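For reference, the structure discussed in these notes is given below.
Sequence lines set the chain letters: A, B, ... in the order given, protein chains first and strands last, and positions in each chain run from 1. All of these numbers come straight from a predicted model, not from anything done at the bench.
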Amino acid sequence: MSRDTEKIYIGAMAVIVVTYLIWLGLAVSGGMRPAAPTGDTVTKAEYDALRDQLSQVEAQLSQVQAELDEAQAQITLLSKPPKVGLVLATGGLGDKSFNDISFAGCVRAQEELGVEFDYVEPTAIAEYEGYHRDFAMSGEYMLIICIGFDQADALATVATEYPDQNFAIVDMVVDAPNVASLTFAANEGSFLLGVVAGLTTETGKVGFVGGMDIPLIRDFFEGYEAGALWANPEMEVLEPVFVGDWGDLTKGKELATSLIEAGADGIFAAAGGSGLGALGACDELDVTGYGVDACQCYLNDNMLASMTKRVDNAVYKMILDARVDVFQPGFYGGGLADGWVGMCRLSDEEALWEETFDFVHPEITEDILNKVIEAKNKIIGGDITVPTGYD
Amino acid sequence: MSERLTAAVRRVFGGGDGLQGLMIQVAAILIAFIVGAAVLAVTGYSPVDAYVSMASGAFGSSYGVGQTLTQATPIVFTSIAFLIGLKAGLFNIGIEGQFLMGAMGATLAGVYLDGLPWVIHVPLTILVGMIAGALWSLIPAVLKSRFDAHEVITTMMLSYVATHFTSYLVNYPFKAPGWVAQSLKISGSAELPRILPPTQLSAAIFVAVIVTVASTYFLQKTIMGYELRATGLNPSAAENAGISIDRNILVSMALSGAVAGLGGACEVMGIHRRFIQGFSPGYGWDGLAVALVGGLNPVGSFFASVLFGALRSGGMIMTRATGVPLDIVKILQALVIMFVAAPKLIRALLRRER
């Protein structure tokens, strides 16, 4: 940098600094204040009137703003898909049975009806009440679905606390004005299973392993026995045995073994987790096993058929009703005619189950299937009255 | 064997001295949550959403606080029960069984001693629950003092016996009509009142506070408490000093079982009002972990119980609102225990920072 340029720089800096100082001085001393208004004066009355007008406009504006906010909130609310809450039974997802089927019903509703659903997997009966209340208190759900009879006590409490919340319970009756109770004519589906068992037995004896000696489970047995004897009057259905527990595989296995030793070559197990033990015994001792609730035939090669409780259809119907705003609390009992129970070898179900569980059923003869369909039609038509376990 | 185990547990979980010990516990918990966040992120959930909904679920409303304390209450009892045993050098890991027996005792007293005024019925029901728990824990105590059977084995096995025995009782002799394996409801005069409806929080929380204070006082200020601690620290020295080891085994196990039984009684009287099969999701087992997280003292256990209670109650909200499976709560609990169990490591890390 040459001396001259340096000088120019210093000079320029000096000019800038001096100008700035002068400007500051003027500004501080008030030389730059705006001049006082000269014309355009208003009287006090005019001024007050204008101010009133202004505040009125402002009030109107804020009112319009509030209305707009409200409308926008409503739009967001309406554009959100309606929600369903699902409280599963204590077995949790992955039980390849009750919980998984209920879940499937909700998934179908989500896909076809444009609803959303949130679900929880309680691990103990004692947790149900908290979950029910939590779902109800949030106020987000048009319907809360409770899977399994052991939720009844908790639901009865919470349903009275939230009278405006709709609930549905599967497999149990809760008498409250905002609860739909969904039950299944298990005897009708079991009848069809009995027909298969009656036509395939070689020893002329079949058996039944139940979870607990309660009417709900007796209902399966009554239908099964009647079906077997309808199809094969010569045979014998052994006295039913009960595990007394839903999760005792060992005892389920022991009881099934005792039935097989007594001559049974077909075992129908309606015993939750204990039933898996019973069906395992069938596999080991090479006799036919019959499953329950969902198609359980994927379990082993000795499984021929399962009675199905179509909880998915029931759950779907309730969501559909709620979606189109015709949900009715009260008692619902669904049988073969409603598609709420069935048998996994029927043509309208077989592919569904094989796809879900990725397996292929063993062969079954056309004659047996025709007899099953005949029974189904007669039950729907009222020609056969299936005995129940409730009386 | 037992002394060495005790000493090892003390070394690892003892929490350490004063403020630094506390800070290490807190740091351990924070690290557990950070690792938990990583687990959430890897499994495809948003850790922020999960933690926010968990925290607001656990503490964001009076309902949340109530549910948190509800969940914490039984663990306060079981953790203090465990540490009373441990102070005397006994690994009473059968708290779950004593808890269930206490619950069953209280249920029977609540159902069948009908027609009493509540001022008599409530304390009586509590007392029966405590006695039931104490009697159940006295079996392994006698086996130990008489035959030197190791309490880790006996208490654990008896815990399973209690689970199945109580399950049998509500399935057969004391089953209420209906389909669910549960007892009849206890009569209204034996109920502990709910103090924050609609939450399930009951007056049991006050009992838990009393037990926390009383057990601190007992362990620190009474001769019997001193003898228990002396037995736990060095049995042979204690024996030389004229303290009866056998007597202390019986006393500490009975107290431990009584506190566990009290917890079961409070759970029945305050929350379920009956014995439902499988009502305890493992409160007794949680108690062991919580006592360790709480640095093996009653007050620490109380706050660690609140933490675990918050994880459970917040977790319930989280699983509904965000779809994160509740199992993440179990992972977090396990992580907390793991990191608390590694205070030596954290202490070493802190030291290197300095």
Which distance, rounded to the nearest 0.5 Å, do you find between the CD of A/E121 and the CG of B/D327? 7.0 Å
Inspect the surroundings of OH in B/Y45 and state if more than 12 heavy atoms from other residues, nucleotides or ligands are less than 6.0 Å away. yes
Taking CG in A/D213 as the centre, count heavy atoms belonging to other residues, nucleotides or ligands within less than 6.0 Å. Is the count above 12? yes
Looking only at non-hydrogen atoms, find the nearest pair between A/A124 and B/G278 and report the distance. CB-O, 3.4 Å
Residues passing the salt bridge (Lys or Arg N to Asp or Glu O under 4.0 Å) test with A/R323, sequence neighbours excluded, are none
Residues of residues 138-156 of chain A near chain B, each having a heavy atom less than 4.5 Å away: A/S138, A/E140, A/Y141, A/F149, A/D150, A/D153
If you count heavy-atom pairs within less than 4.5 Å of chain B, which of A/V158, A/D118, A/V87 leads? A/D118
Find the one option among B/P198, B/G57, B/G323 whose heavy-atom pairs under 4.5 Å with chain A are most numerous. B/P198
Do B/R320's NZ or CZ and the ring of A/Y131 fall within the cation-pi criteria of under 6.0 Å and 45°? no
Enclosure of B/K330 NZ (heavy-atom neighbours >12, cutoff 6.0 Å): no
Among residues 100-110 of chain A, residues within the sub-4.5 Å heavy-atom range of chain B, in order of number, are none
Under a 4.5 Å heavy-atom cut-off, does chain A meet the side chain of B/I317, its backbone, both or neither? both
Residues passing the side-chain contact (heavy atoms from CB on, under 4.5 Å) test with B/S159, sequence neighbours excluded, are B/E96, B/W285
Is there a side-chain contact between B/N171 and A/M212, using heavy atoms and a 4.5 Å cut-off? yes
Does B/H272 form a side-chain contact (heavy atoms from CB on, under 4.5 Å) with A/E129? I'd like the steps, not just the answer. CA-CA 10 Å; B/H272 307 302; A/E129 192 178 319; over 6 Å; no
Correct closest heavy-atom pair for A/E127 and B/M316 would be O-CE, 4.0 Å
When you look at A/I125 and B/Q182, which way does the side-chain contact (heavy atoms from CB on, under 4.5 Å) test go after all the steps? CA-CA 10 Å; A/I125 294 175; B/Q182 59 187 14; 5.5 Å; no
Per-residue contact mode, A/I217 against chain B (heavy atom under 4.5 angstrom): neither
A/G130 versus B/Y63, closest heavy-atom pair with distance: O-OH, 4.0 Å
